[in-house]
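Keep in mind the model is a prediction, meaning the values are calculated, not measured. What you see below is based on every heavy atom in this structure, not just the backbone, and it leaves out hydrogens, waters and symmetry mates.
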Amino acid sequence: MEYMSILTLQLKRLGKKKIHLLEFEIEKQPQTLKELIEQCVKSEVKRYNEKREEIKLMSFLSPKDIQEQSETGKIGFGDLENRELAQVDEAIANALLAFEDGLYVVFVDDEEIKSFEQSIDLKPDSVIAFIRLTFLTGTYW
């Protein structure tokens, strides 16, 4: 029997108020942070590649689309110039390296997960948050 489950992740950037909620379809129950990241990346690469393979005949915007997009400050047709497909192995390696480099932190049920091998116990109502850190810029020359 094939395991399929849907996780809802909270994606947040420090300094920004908006929290993005994304649903990820996972193939197996992750036991560690590394497995969770791998499952999320696989799901997102699949979604990304499917968008690039879609064939759009003609783009148009309804008045409702224009109103909704104007609230975010950008109105566009959603056309994609870049049709290159993402590679799963490369994307996983980048996500793992970004975690090691401290570019984002992960919380499961308000507990920070600090290492790849730390075990996690996901429940159906678990809250998973990926928070991208924003570094202050400054130069010393």
Side-chain angles (χ1 to χ4, degrees), residues 1-140:
M1 185 172 123
E2 188 176 310
Y3 175 89
M4 274 298 176
S5 181
I6 304 236
L7 294 178
T8 301
L9 302 180
Q10 296 179 350
L11 302 177
K12 179 151 178 33
R13 285 180 19 193
L14 287 183
K16 304 286 182 183
K17 292 182 180 180
K18 189 169 185 177
I19 296 175
H20 296 280
L21 298 178
L22 282 180
E23 287 188 348
F24 285 85
E25 193 173 272
I26 59 171
E27 297 171 357
K28 66 177 189 171
Q29 181 71 18
Q31 303 300 313
T32 64
L33 175 61
K34 185 175 182 181
E35 290 176 6
L36 175 66
I37 292 171
E38 288 172 349
Q39 291 291 322
C40 291
V41 170
K42 284 179 186 177
S43 176
E44 192 59 18
V45 165
K46 179 181 174 187
R47 181 186 340 219
Y48 177 89
N49 286 345
E50 286 172 352
K51 274 188 162 184
R52 268 131 191 85
E53 292 172 341
E54 282 179 2
I55 298 173
K56 282 192 169 183
L57 298 178
M58 183 175 178
S59 297
F60 68 93
L61 295 173
S62 68
K64 180 183 175 192
D65 293 333
I66 293 170
Q67 177 62 35
E68 288 173 359
Q69 289 185 27
S70 69
E71 292 172 10
T72 66
K74 180 180 177 186
I75 299 173
F77 288 101
D79 293 337
L80 300 173
E81 296 293 326
N82 179 7
R83 295 261 176 213
E84 188 174 327
L85 299 180
Q87 303 300 314
V88 174
D89 294 335
E90 187 179 320
I92 289 172
N94 286 338
L96 296 175
L97 180 61
F99 180 80
E100 286 178 328
D101 288 347
L103 299 179
Y104 66 94
V105 292
V106 180
F107 288 85
V108 175
D109 296 326
D110 295 328
E111 178 188 341
E112 183 179 359
I113 309 300
K114 295 183 179 187
S115 74
F116 288 135
E117 300 311 318
Q118 186 173 341
S119 74
I120 55 175
D121 181 28
L122 295 180
K123 299 169 191 69
D125 61 341
S126 286
V127 175
I128 303 165
F130 283 68
I131 302 174
R132 187 172 105 186
L133 302 176
T134 303
F135 295 98
L136 298 175
T137 59
T139 56
Y140 294 100

Is the closest side-chain heavy-atom distance between [X] and [Y] below 4.5 Å?
X	Y	result
Leu122	Ile128	yes
Leu21	Gln10	yes
Val41	Glu38	no

Can you pull the side chain to side chain donor-acceptor pair (under 3.5 Å) pairs that have at least one residue in residues 108-119, sequence neighbours excluded?
Asp109-Ser126, Glu111-Gln118
Go through the structure and list residues passing side-chain contact (heavy atoms from CB on, under 4.5 Å) with Asn94, not counting sequence neighbours.
Glu90
Partner residues of Glu68 under the salt bridge (Lys or Arg N to Asp or Glu O under 4.0 Å) criterion, sequence neighbours left out
Lys64
Nearest atoms (heavy-atom pairs only) where [X] meets [Y]:
X	Y	value
Gln29	Glu35	O-OE1, 4.1 Å
Ile37	Ala95	CG2-CB, 3.8 Å
Val45	Ala91	CG2-CB, 3.6 Å

List the residues meeting ring-ring contact (aromatic ring centres under 6.0 Å, His included) with Phe107, not counting sequence neighbours, and say none if there are none.
none
My understanding is that only residues two or more places apart in sequence, or in another chain, count here; which of them pass ring-ring contact (aromatic ring centres under 6.0 Å, His included) with Tyr104?
Phe99, Phe130
To the nearest 0.5 Å, what is the distance between CG on Leu96 and CG on Asp101?
11.0 Å
Interatomic distance, Leu85 atom CG to Lys46 atom NZ [nearest 0.5 angstrom]
14.0 Å
Could you check whether any side-chain N or O of Asn49 sits under 3.5 Å from a backbone N or O of Ala86, counting only pairs where one atom can act as donor and the other as acceptor?
yes
Residues in side-chain hydrogen bond (donor to acceptor under 3.5 Å, both in side chains) with Arg47, at least two apart?
Glu44
